[in-house]
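Read through the structure below, which is laid out as structure tokens, and then see the notes.
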Amino acid sequence: MDTVYEGDIRYRQYLSAQGTATTELPDWAKDPEWLTLCYRNMVLARALDNKAIALQRTGQLGTYASLLGSEAIDVPAGLLMRPEDVLIPYYRNHASQMLRGMPMEEVLLYWGGDERGNASAQQGQDFPNCVPIATQSMHACGVATAIKMRNEKRVAVTFCGDGATSKGDFLEGLNVAGAWQLPVVFVVNNNQWAISVPRALQSGAPTLAQKAIGAGIRGEQVDGNDVIAVREAFELALERARDGKGPSLIEAISYRLSDHTTADDATRYRDNEELKKAWELEPVKRLRTFLHSQGWWDETQETVWQEEVNSMVQTATERYLATPAQPIESIFDHLFAELPKQLHEQRDWAMVKAMKGGTHHDS
């Protein structure tokens, strides 16, 4: 019997959990500039994440999806994408969005239930947050198709979690991307949990990256807690897409150090020992340890940066909390090109009700 196809999935890692090099580092990683920039933004992303959870717990923010544990995936992606590229995010890409220009207060605004946080002026052509699972995969292929038809040197970049790779939308996206050789990069944040379903029960495949093989596209697996590995994989995928060499799938191995959202309680289904072991692999400490070992970062710099970060997050929080609420009638304004008669009546009623109550929040 003849073998008609053989394929393999490579795993990429440069920094161990202890922050030491496991192999020869790329030349760019021997210079502190990019890695310290990456570290600063990872710390900032985590600080905003902590603040968002605190706001939710005190009733000042809606249900929130933490990015804790995925900073080494989100931040390098945000730093490496060009302004003309298009981000098609899911609901844990706050750090990438901030690096592409979205103010922190608008990130909070979205999670506070205000759609103005989903249409930031700084977003450009980037898409709003996608909460339905995996539908953004097909949206990204639509964007990439337009890019290819216009013969533009741009890339569509989309993210999802490990659970999304079991959805038809994701597999359909891979298929059309491979068939049409689209300039799109799929990044899977394999954080081991699809809400309460562990990775082992989601797919019989040894890796999620190998799902690329069936679509005829390039796939690889990286240590998602290692910013050097993520940058190397992501930069290569961007270059290939920009040069007309087609799509890529990157499976970044991480761990969801938080609950699924603030509406979840992971202690009901997740073993605490497993969580403790995951904290030993986490990305921020790993990079900080490496920077310290190279003499590129020290405790004084850490203290100064933490103080600056806390100030930035507090200022953004105050701006978010001070944002005037939209008038009640705004809930009708973006539903239809032409509002139906019955909704016109409801809108008018809501406006009168609000005026009588002396507040836009009276429903």
Side-chain angles (χ1 to χ4, degrees), residues 37-56 60-132 135-136 139-140 143 154-161 185 187 189 227 230-231 234 238 258 261-262 284 305 308-326 330 334:
L37 175 64
C38 192
Y39 177 72
R40 287 172 181 269
N41 281 287
M42 289 168 65
V43 170
L44 177 60
R46 184 166 289 190
L48 180 66
D49 196 70
N50 289 335
K51 174 59 76 172
I53 292 172
L55 289 169
Q56 191 279 331
Q60 299 174 92
L61 200 73
T63 300
Y64 173 74
S66 172
L67 57 73
L68 188 64
S70 63
E71 297 91 348
I73 303 169
D74 229 44
V75 169
L79 289 173
L80 290 171
M81 289 178 68
R82 294 179 183 175
E84 64 268 22
D85 294 332
V86 182
L87 174 65
I88 301 94
Y90 81 135
Y91 47 82
R92 294 192 205 277
N93 293 135
H94 332 321
S96 290
Q97 290 173 319
M98 290 189 299
L99 284 164
R100 290 183 58 75
M102 182 181 287
M104 285 188 286
E105 56 266 29
E106 294 194 16
V107 172
L108 295 175
L109 201 63
Y110 169 76
W111 292 102
D114 193 320
E115 277 298 314
R116 288 175 294 181
N118 219 3
S120 173
Q122 288 84 350
Q123 279 182 267
Q125 292 190 338
D126 288 355
F127 275 39
N129 290 307
C130 188
V131 175
T135 55
Q136 70 274 18
H139 302 161
V143 172
R154 305 166 68 196
V155 184
V157 177
T158 188
F159 291 79
C160 68
V185 177
V187 183
N189 176 7
V227 295
V230 173
R231 170 171 166 166
F234 193 69
L238 287 174
S258 63
T261 69
T262 51
V284 175
W305 181 239
E308 188 172 342
V309 161
N310 290 338
S311 176
M312 292 164 63
V313 170
Q314 184 59 34
T315 299
T317 301
E318 291 169 1
R319 288 175 179 164
Y320 155 67
L321 294 173
T323 302
Q326 290 180 290
S330 67
H334 304 287

From the list Leu87, Leu37, Val75, Leu44, side chain to side chain contact (heavy atoms under 4.5 Å, CB included) partner of Leu99 resolves to Val75

Apply the test side chain to side chain contact (heavy atoms under 4.5 Å, CB included) to residues Thr323 and Arg116: give CA-CA distance (whole Å), side-chain angles for both, the deciding distance (0.1 Å), then the verdict. CA-CA 10 Å; Thr323 302; Arg116 288 175 294 181; 3.8 Å; yes

Check: Is it true that atom CD of Gln60 has more than 12 heavy atoms of other residues, nucleotides or ligands lying nearer than 6.0 Å?
Finding: yes

With sequence neighbours left out, the residues meeting side-chain hydrogen bond (donor to acceptor under 3.5 Å, both in side chains) with Asp74 are Asn93, Ser96

Quick one: do Gln125 and Val143 satisfy side chain to side chain contact (heavy atoms under 4.5 Å, CB included)? Show the steps, please.
CA-CA 10 Å; Gln125 292 190 338; Val143 172; over 6 Å; no

Rounded to the nearest 0.5 Å, the OH atom of Tyr320 sits from the CG atom of Leu55 at a distance of 6.5 Å

For Ser120, the side-chain hydrogen bond (donor to acceptor under 3.5 Å, both in side chains) test, sequence neighbours excluded, returns Glu106, Gln122

- Query: Under 3.5 Å, is there a donor-acceptor pair between the side chain of Glu71 and the main chain of Val43?
  - Reply: no

Tightest non-hydrogen contact, residues Leu79 and Cys38, listed as CD1-CA, 3.9 Å

Notebook entry, point to check: So, the side chain of Arg231 versus the backbone of Pro76: is there a donor-acceptor pair under 3.5 Å, distance only?
Noted result: no

Side chains of Val284 and Tyr39: does their closest heavy-atom pair fall under 4.5 Å? yes

query: Can Tyr91 and Thr261 be said to form a side chain to side chain contact (heavy atoms under 4.5 Å, CB included), step by step?
result: CA-CA 10 Å; Tyr91 47 82; Thr261 69; 5.6 Å; no

When rounded to the nearest 0.5 Å, the distance separating CD of Gln56 from OG1 of Thr63 is 6.0 Å

d(Asn129 CG, His94 NE2) to nearest 0.5 Å is 7.5 Å

- Query: So Cys130 and Ile88, side chain to side chain contact (heavy atoms under 4.5 Å, CB included) or not? Walk me through it.
  - Reply: CA-CA 8 Å; Cys130 188; Ile88 301 94; 6.0 Å; no

Any donor and acceptor pair, going by atom type alone, linking the side chain of Arg92 with main-chain N or O of Cys160 inside 3.5 Å?
no

**Asked** Quick one: does Gln136's side chain get under 4.5 Å of Phe159's, heavy atoms only?
**Response** no

Minimal heavy-atom distance between Pro128 and Asn118, with the atoms involved, is CB-OD1, 3.1 Å

- Task: Using modelled atom types only, decide if a donor and an acceptor are shared between the side chain of Asp49 and the backbone of Ser66 within a distance under 3.5 Å.
- Result: no

Rounding to 0.5 Å, atoms CG (Leu67) and CE (Met42) come to a distance of 10.5 Å

Between Asp114 and Gln326, is any pair of side-chain heavy atoms under 4.5 Å apart?
yes

When Leu238, Val86, Leu80 are each screened for side chain to side chain contact (heavy atoms under 4.5 Å, CB included) with Val157, the one that passes is Leu238

Student check: side-chain heavy atoms of Val313 and Met104 closer than 4.5 Å: yes

request  = With the side chain counted from C-beta on, respond yes when Asp126 and Pro89 share a heavy-atom pair under 4.5 Å apart, and no when they do not.
outcome  = no

Checking Trp111 side chain against Leu61 main chain: does a donor-acceptor pair fall under 3.5 Å?
-> no

Rounding to 0.5 Å, atoms CG (Asn310) and CG (Leu48) come to a distance of 11.5 Å

